[in-house]
Amino acid sequence: MDHAAIAEVYKREFASILATMIRALGGDFTLAEEVVQDAFEAALAEWKERGAPQNARGWLLGTARHKAIDRIRRRSKFEAPLDEDVDFQALGAAPDEAAGDAVGDDLLRLIFTCCHPALALEAQVALTLRALCGLTTDEIARAFLAPPKTMAQRLVRAQNKIRVAKIPYVVPGRAELAERLDAVMSVVYLVFNEGYAATAGDELVRRELCSEAIRIGRLLESLVPHYSEPTALVALMLLHDARRDARLDAEGNLVLLEDQDRSLWDQREIEEGLARVTQALRRGGATPYGIQAAIAALHAEAARAEDTDWAQIALLYRELARLVPTPVVLLNRAVAVAMHEGAERGLALLGEIAEEPELAGHHLFHAARADLERRLGRVPEARRDYTRALELCRAEPERRYLERRLAELGSKGN
């Protein structure tokens, strides 16, 4: 069995095996991760010679359990007494006993623990990518442009916080499940957005983050099928991801939605996304992710930019703003209204939210205002706002776009 095949097994099975081991080890993330990594290293050595067993997951889980028992025995002999939270019955169980619904329950425990509100948001994101996606510390650090040492410390602090604060390794009860599910989806969508429109660095699109976010979204959707919002979230991510090949030109420069070559859009992802939008709206109605997915669907269905149904999009943003009146939603609504009713009306709506602290440091707010001012021929104002957007922007493709806009305005004089 070659390295690529083992890597595929790792990608498919790592999270579920880790989730089961964390439960068996009483919530000890660190030890669970160590023994699971040991199990995959053993597989790398043994499977290359003999080939993978028919039940690869069972082999890996059994190996991880044996290594955990060995470590615990050594620890109790030389370092510390046996941990009373360790489930020795689970460690001694046959590998096939941890299957079916039990695997799903363990994965849910892992998801909700990684995204527990007691952890800082940046820690939730890092732990989710580490535990659920199996990304290495270096891969996570590279994705978020952080030094590997800093990311390693962040992961250690998160795991220590879980242990010290005794954050329960459980699925939330019915009373708090919906709220906690929203928090999990926020983390997943944050990961996707960092991949789709990176906040810093030379690359605007980081495909590995988009792919991992969609993978976690699909997993969440399968684990809580009675909730419609995970389906809507997956639809939203698919419809956005379908446009990624058209968002940059051959030189790596940003291409706006209205200027994109729509033949480059991924029709398979669009078809799947549209089907999920319909499914989510029928089951859950007008929910926040459902509305955002419906907006993305309207963009996906427009064969040309001029065919976009901006009137419907503006109405959907009005409903979204009623449900979640965040500054960013209000910004997007203003842009949609500008496309439907004209730049003057859009500027008026932007003026109503200009004092929002969150938007003062958000480069997209200043870029949107500058764009509407440019369309109205207000060159000094547009130059001022493009300049402010450029000062705040850290992603190189977006910076080059803003610089081009400023250069165009410079040729028009005052």
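- A salt bridge links Glu212 with Arg215: at least one charged nitrogen is closer than 4.0 Å to a carboxylate oxygen.
- Atoms NE2 and CD1, from His116 and Ile167 in turn, are 5.0 Å apart once rounded to the nearest 0.5 Å.
- Rounded to the nearest 0.5 angstrom, Asp241 CG and Ser211 OG are separated by 6.0 Å.
- At least one donor-acceptor pair under 3.5 Å links the side chain of Glu229 to the backbone N or O of Tyr289.
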Determine, step by step, whether Asp105 and Arg109 satisfy the salt bridge (charged side-chain N to carboxylate O under 4.0 Å, His left out) criterion, reporting the C-alpha distance in whole Å, the side-chain angles of both residues, the deciding distance to 0.1 Å, and the verdict.
CA-CA 6 Å; Asp105 290 343; Arg109 290 186 186 98; 5.0 Å; no
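- With Glu139 contributing its side chain and Thr136 its backbone, the two residues share a donor-acceptor pair below 3.5 Å.
- Counting all heavy atoms, side chain and backbone alike, Ala367 lies closest to Ala389 at N-CB, 3.7 Å.
- At a threshold of 4.0 Å, the pair Arg276-Glu221 counts as salt-bridged, since one of the basic side-chain nitrogens sits closer than that to a carboxylate oxygen.
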Show me the donor-acceptor pairs, under 3.5 Å and distance only, between side chains in residues 312-332 and residues at least two apart or in other chains.
from   : atom 1 : to     : atom 2 : distance (Å)
Glu319 : OE1    : Arg322 : NE     : 3.1
Glu319 : OE2    : Arg322 : NE     : 3.3
Glu319 : OE2    : Arg322 : NH2    : 2.5
Thr326 : OG1    : Val329 : N      : 3.3
Asn332 : ND2    : Val328 : O      : 3.4

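- The heavy-atom pair separating Tyr169 from Asp106 by the smallest distance is OH-O, 3.4 Å.
- Residues Asp266 and Arg243 are not paired through a salt bridge, judged by the lack of any N-O separation under 4.0 Å between the basic side chain and the carboxylate.
- Of the inter-residue distances, the one linking Arg405 atom CZ with Tyr386 atom OH reads 5.0 Å to the nearest 0.5 angstrom.
- To the nearest 0.5 Å, atom CD of residue Glu13 and atom CD1 of residue Ile6 are 13.5 Å apart.
- For the pair Thr113 (side chain) and Leu110 (backbone), a donor-acceptor distance under 3.5 Å is absent.
- A distance-only check finds a donor-acceptor pair linking the side chain of Arg130 to the backbone of Leu135 [under 3.5 Å].
- Within 6.0 Å of CD in Glu355 there are 12 or fewer heavy atoms belonging to other residues, nucleotides or ligands.
- The shortest non-hydrogen separation linking Pro397 to Leu254 is O-CB, 4.0 Å.
- Checked by atom type and distance alone, the side chain of Arg180 pairs as donor or acceptor with a backbone atom of Phe112 at under 3.5 Å.
- For the pair Glu8 and Lys11, the salt-bridge criterion is not met [side-chain N within less than 4.0 Å of a carboxylate O].
- Residues passing the ring-ring contact (aromatic ring centres under 6.0 Å, His included) test with Trp265, sequence neighbours excluded: none.
- We find that Arg383 and Glu373 are not joined by a salt bridge, their nearest charged nitrogen and carboxylate oxygen being 4.0 Å or further apart.
- Interatomic distance, CD of Gln260 versus CG of Asp245, reported as 10.0 Å (0.5 Å rounding).
- Taking NE2 of His240 as the start and CD1 of Ile214 as the end, the distance is 10.5 Å to the nearest 0.5 Å.
- Ion pairing between a basic and an acidic side chain is recognised when a charged N comes within 4.0 Å of a carboxylate O; Arg218 and Glu272 show such pairing.
- Under the 4.0 Å criterion applied to side-chain N and carboxylate O atoms, Arg388 and Asp385 are not assigned as salt-bridge partners.
- For Arg394 (side chain) and Arg399 (main-chain N/O), no donor-acceptor pair under 3.5 Å exists by modelled atom type.
- Taking a 6.0 Å sphere around CD of Glu258, one finds it holds more than 12 heavy atoms contributed by other residues, nucleotides or ligands.
- Checked for salt-bridge contact, Lys67 and Asp70 miss the test: no charged N lies under 4.0 Å from a carboxylate O.
- Nearest heavy atoms, Met151 versus Ala126: SD-CB, 3.7 Å.
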